[in-house]
Amino acid sequence: MKWFRKTLILLATMGLSAQPVGAQMERVPDRPAGEGEGPYPTLLIRGASLIDGSGAPPEGPVDILVRGKTIATIARGGSNLSADRVIDANGMWVLPGFVDVHGHNGDPDKAPQPSYGFKLWLAHGVTTVRGVGFGWGPDDPSLDMKRRSEANTITAPRLFAYAVPGDVWPNGDVTTPEQGRAWARWAKARGYDGIKFFNSEDPATLAAILDEADKIGLGSVAHLGQRGVGQVNAAKAVALGLDGITHFYGHFESLLEGRQVPDYPPGYNYLDEQSRFGTIARLEAQAVEPGSEKWKAYVDALVESGVTLSPTFNIYSASRDVMRARTLEWHDKYTLPSLMRFYEPSLTNHGSYYHDWSSEDEAAWKRFYAKWFALTRDFKDRGGTITAGSDPGYIYQTWGFAYIAELEMLREAGLTPMEVIQAATINGAREIYKSKGTEPPFGIIREGKLADMLIVPANPLENLKVLYGTGHKRLNRETNTIEVVGGVRWTIKDGIVYDAPKLLADVARMVEEQKAAELQP
């Protein structure tokens with residue numbers, strides 16, 4: 001039984017539930033005719049207000065001419081341009097396609113068809129996703145889906161595939177620096193874009209993998225989990241050359257006051273997720289206060305290193321109000337019944353840890369978030385780069401909707417609306433392309449860049465809620481009636497125009513079909 005216990009521990013660390021032997025995700029179907037139109041010889045977006053992703057102020061009206069999959073002309077103040085297809089975007093806003101730097105793809109128990117998540121991402125304007133990862137083990141589908149998405153033969157965002165050391169190759173665990181270097185070269189040759197660490201490597205092996213990755217152009221990001229953070233916290237990982245940190249893990253462990261490792265209560269059990277996540281919120285009280293000398297020195301060291309932070313605030317937001325998370329307005333129509341069951345409190349499903357979640361737990365998490373927000377804000381204010389990742393499929397965070405929730409929480413943390421858009425566009429693109437040594441071909445609306453854009457009929461700088469697929473419900477004070485505004489109207493990837501409401505309707509159909517099937521005797 002030792003192998004089974006080891007597997008459960010690894011899966012818990014990696015954020016996965018144990019699956020029955022042979023259980024696999026379904027293959028993504030080919031993109032059917034009419035689902036996404038184009039690319040066109042010429043496509044014209046006419047009369048939009050432009051938010052280009054660079055941080056420049058909005059401007060309009062602007063006409064954007066696309067040739068094939070490339071932005072050819074940006075005509076400010078209107079134009080006489082014509083095209084094979086014209087999108088009338090008068091009164092609408094056009095932005096670069098969003099980049100989700102922390103994506104997963106469900107599993108057979110909760111969302112077996114990857115196109116469910118892909119369509120939800122696209123329907124919310126997400127045109128690029130970094131998978132960390134999209135699958136696990138020797139049958140990892142990441143590279144197949146990446147290539148099919150690149151060819152636009154499936155309905156999916158542009159995909160970048162990261163792998164965990166030792167997970168996808170046939171040579172077993174990576175336990176030495178030499179094995180780490182060999183694995184990194186193998187992953188690069190296979191077509192992976194980068195490495196996702198869960199901090200289970202010893203410092204010497206981690207250093208060797210990061211060194212090799214830097215030489216061969218692989219990106220790196222880490223969830224510095226509690227099982228390894230006693231040896232490698234965020235400060236040490238960054239010093240070893242880590243490119244990006246996701247979640248909160250490793251930060252407060254680098255800021256402890258009067259101790260080198262966290263002081264866990266005597267009854268703490270990492271494998272009991274109520275214990276794990278209930279206790280982690282209390283860790284903030286062991287860290288130094290914002291503005292202290294140690295705090296400032298740590299933030300400055302992060303900024304000077306060039307590391308990128310993708311906080312994924314949204315994925316833990318249920319911890320501070322589980323009732324709200326359980327009753328979010330999109331669950332009934334767009335969250336699969338199997339996914340809702342996965343979200344429910346569970347002893348086996350990762351992230352379903354609120355077994356007996358109390359107001360005391362929620363209050364602790366609210367205090368935790370306050371300090372986490374402060375760290376992120378100080379890092380940003382000192383020149384650090386923040387990106388947007390959603391880590392969907394866990395803790396009531398459904399694809400697409402979770403990404404917009406992350407943008408709202410970045411705003412709550414202290415980013416301005418324009419900085420939030422930067423985090424969601426050019427910052428995410430640059431994080432992915434940093435290891436490649438080149439500027440990204442997307443993430444900003446510029447002539448010569450890929451035609452990755454979203455068009456929304458309301459201004460997200462005024463209200464990020466207009467980006468949700470369910471739109472924003474408000475009272476029309478003139479008519480005294482309730483109306484819904486917003487929701488992405490079109491998502492454009494590689495010059496292919498996707499009708500966002502139609503994608504949402506297809507997801508709603510998937511949900512209804514599963515509900516109907518479960519009613520069958």
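Looking only at side-chain heavy atoms (C-beta outward), Val94 and Val62 stay at 4.5 Å or farther from each other. In this structure, His247 and Pro311 have side chains that are not in contact, with every pair of non-hydrogen atoms separated by 4.5 Å or more. Within the 4.5 Å cutoff, no side-chain heavy atoms of Leu336 are placed close to those of Lys110. The side-chain heavy atoms of His104 and Asp391, taken from C-beta on, include a pair separated by under 4.5 Å. No side-chain heavy atom of Thr376 sits under 4.5 Å from any side-chain heavy atom of Lys380. Contact annotation: the side chain of Thr73 never approaches that of Ile64 to less than 4.5 Å [non-hydrogen atoms, C-beta and beyond]. Side-chain contact between Asp193 and Tyr162: present, with at least one pair of heavy atoms (C-beta onward) separated by less than 4.5 Å. Residues Asn459 and Val466 have side chains not in contact (no heavy-atom distance under 4.5 Å, counting atoms from C-beta outward).
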Checklist entry - Do Arg46 and Asp63 pass the salt bridge (charged side-chain N to carboxylate O under 4.0 Å, His left out) test, and can you show the C-alpha distance, the side-chain angles, and the key distance before you say yes or no? => result CA-CA 5 Å; Arg46 187 185 299 282; Asp63 292 353; 3.5 Å; yes

Checklist entry - Would Glu431 and Thr308 satisfy side chain to side chain donor-acceptor pair (under 3.5 Å), going step by step from the backbone distance to the final call? => result CA-CA 7 Å; Glu431 179 177 13; Thr308 300; 4.6 Å; no

Checklist entry - Between Gln397 and Tyr403, does a side chain to side chain donor-acceptor pair (under 3.5 Å) hold up when you go through it step by step? => result CA-CA 9 Å; Gln397 297 299 309; Tyr403 186 80; over 6 Å; no

Item to check | Worked verdict on Asp100 versus Ser390 for side chain to side chain donor-acceptor pair (under 3.5 Å) | outcome: CA-CA 7 Å; Asp100 191 333; Ser390 66; 2.5 Å; yes

Checklist entry - For Tyr433 and Phe442, what are the C-alpha separation, side-chain angles and deciding distance, and is it a ring pair (Phe, Tyr, Trp, His ring centres under 6.0 Å)? => result CA-CA 10 Å; Tyr433 269 79; Phe442 54 86; 5.7 Å; yes

Item to check | Stepwise salt bridge (charged side-chain N to carboxylate O under 4.0 Å, His left out) test for Arg341 and Asp109 | outcome: CA-CA 9 Å; Arg341 286 193 295 273; Asp109 282 346; over 6 Å; no

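Rounded to the nearest 0.5 Å, atoms CG (Leu95) and OG1 (Thr127) are 11.0 Å apart. Taking OG1 from Thr70 and CG from Leu450, the interatomic distance works out to 6.0 Å, rounded to the nearest 0.5 Å. Considering NE2 of His251 and CG of Leu224, their distance stands at 8.0 Å, rounded to 0.5 Å. Rounded to the nearest 0.5 angstrom, Glu362 CD and Arg324 CZ are separated by 12.0 Å. Here Leu50 contributes atom CG and Trp93 contributes atom CH2; the two are 12.0 Å apart, rounded to the nearest 0.5 Å. With values rounded to the nearest 0.5 angstrom, Lys196 atom NZ is found 12.0 Å from Ser220 atom OG.
Closest approach of Val28 to Met145, counting heavy atoms only: CG2-SD, 3.8 Å. The shortest heavy-atom contact between Gly486 and Pro457 is CA-CG, 4.2 Å. Glu406 approaches Asn314 most closely through the heavy-atom pair OE1-N, 2.7 Å. Nearest heavy atom pair, residue Pro157 against residue Trp121, reads CG-CB, 3.9 Å. Ile74 and Glu447 get closest at one heavy-atom pair: N-OE2, 3.0 Å. Looking at every heavy atom in both residues, Leu464 comes nearest to Leu407 through CD1-O, 3.6 Å.
The side chain to side chain donor-acceptor pair (under 3.5 Å) pairs that include a residue from residues 51-60 are Asp52-Ser54, Asp52-Arg446, Glu59-Arg76, where partners are two or more places apart or lie in different chains. Pairs of residues two or more places apart, or lying in two chains, that qualify as salt bridge (Lys or Arg N to Asp or Glu O under 4.0 Å) and include a residue from residues 33-44 are Glu35-Lys119, Glu37-Arg85.
Using a 4.0 Å cut-off between charged nitrogen and carboxylate oxygen, Asp144 and Arg27 count as a salt-bridge pair.
Taking His331 as the reference, Tyr396 meet the ring-ring contact (aromatic ring centres under 6.0 Å, His included) condition, with sequence neighbours excluded. In this view, Trp372 and Phe248, Phe313, Phe368, Tyr369 satisfy the ring-ring contact (aromatic ring centres under 6.0 Å, His included) rule, not counting sequence neighbours. Listed by chain and number, the residues in a ring-ring contact (aromatic ring centres under 6.0 Å, His included) with Phe118 amount to none (sequence neighbours excluded). For the ring-ring contact (aromatic ring centres under 6.0 Å, His included) test, no residue two or more places apart in sequence or in another chain qualifies with Tyr498.
Remark: side-chain polar atoms of Arg130 are not paired, donor with acceptor, to backbone N or O of Gly389 under 3.5 angstrom. A donor-acceptor pair is defined here as one N or O able to donate and one able to accept, closer than 3.5 Å; no such pair exists between the side chain of Ser149 and the backbone of Asn152. Although no hydrogens or angles enter the test, the distance criterion places no donor-acceptor pair under 3.5 Å between the side chain of Glu412 and the main chain of Met409. Looking at Arg489, its side chain never comes within 3.5 Å of a backbone N or O of Ile455 through a donor-acceptor pair. For Arg382 (side chain) and Val303 (main-chain N/O), no donor-acceptor pair under 3.5 Å exists by modelled atom type.
Counting only N and O atoms by type, the side chains of Ser358 and Asp361 include a donor and acceptor under 3.5 Å apart. One side chain, Asp84 or Thr42, offers a donor N or O that lies under 3.5 Å from an acceptor on the other. Side-chain atoms of Glu273 and Ser352 include no donor-acceptor pair closer than 3.5 Å. Between the side chains of His102 and Thr246, at least one donor-acceptor pair of N or O atoms lies under 3.5 Å.
Remark: of the listed residues Lys473, Arg474, Arg477, Arg474 is the sole one forming a salt bridge (charged side-chain N to carboxylate O under 4.0 Å, His left out) with Glu483. Here the rule is side chain to side chain donor-acceptor pair (under 3.5 Å) with Ser319, and of Tyr353, Trp357, Tyr354 only Tyr353 fits it. Tested against Ile51 for a side chain to side chain contact (heavy atoms under 4.5 Å, CB included), the candidates Thr425, Leu461, Val456 yield a single pass: Leu461. Each of Arg158, Lys493, Lys69 was scored for a salt bridge (charged side-chain N to carboxylate O under 4.0 Å, His left out) with Asp452, with one residue passing: Arg158.
By the neighbour-count criterion of 12 heavy atoms within 6.0 Å, atom CZ of Arg67 is sparsely surrounded, having that number or fewer from other residues, nucleotides or ligands. Applying the 6.0 Å contact sphere to NZ of Lys515 captures more than 12 heavy atoms from other residues, nucleotides or ligands. More than 12 heavy atoms of other residues, nucleotides or ligands lie within 6.0 Å of CG in Asp30, so this atom counts as buried by the packing criterion.
In this structure, Lys146 forms no cation-pi arrangement with Tyr192, as its terminal cationic atom is not both closer than 6.0 Å to the ring centre and no more than 45° off the ring axis.
Below 30°, between 30° and 60°, or above 60°: for Phe401 and His124 the angle between ring planes is above 60°, a perpendicular geometry.
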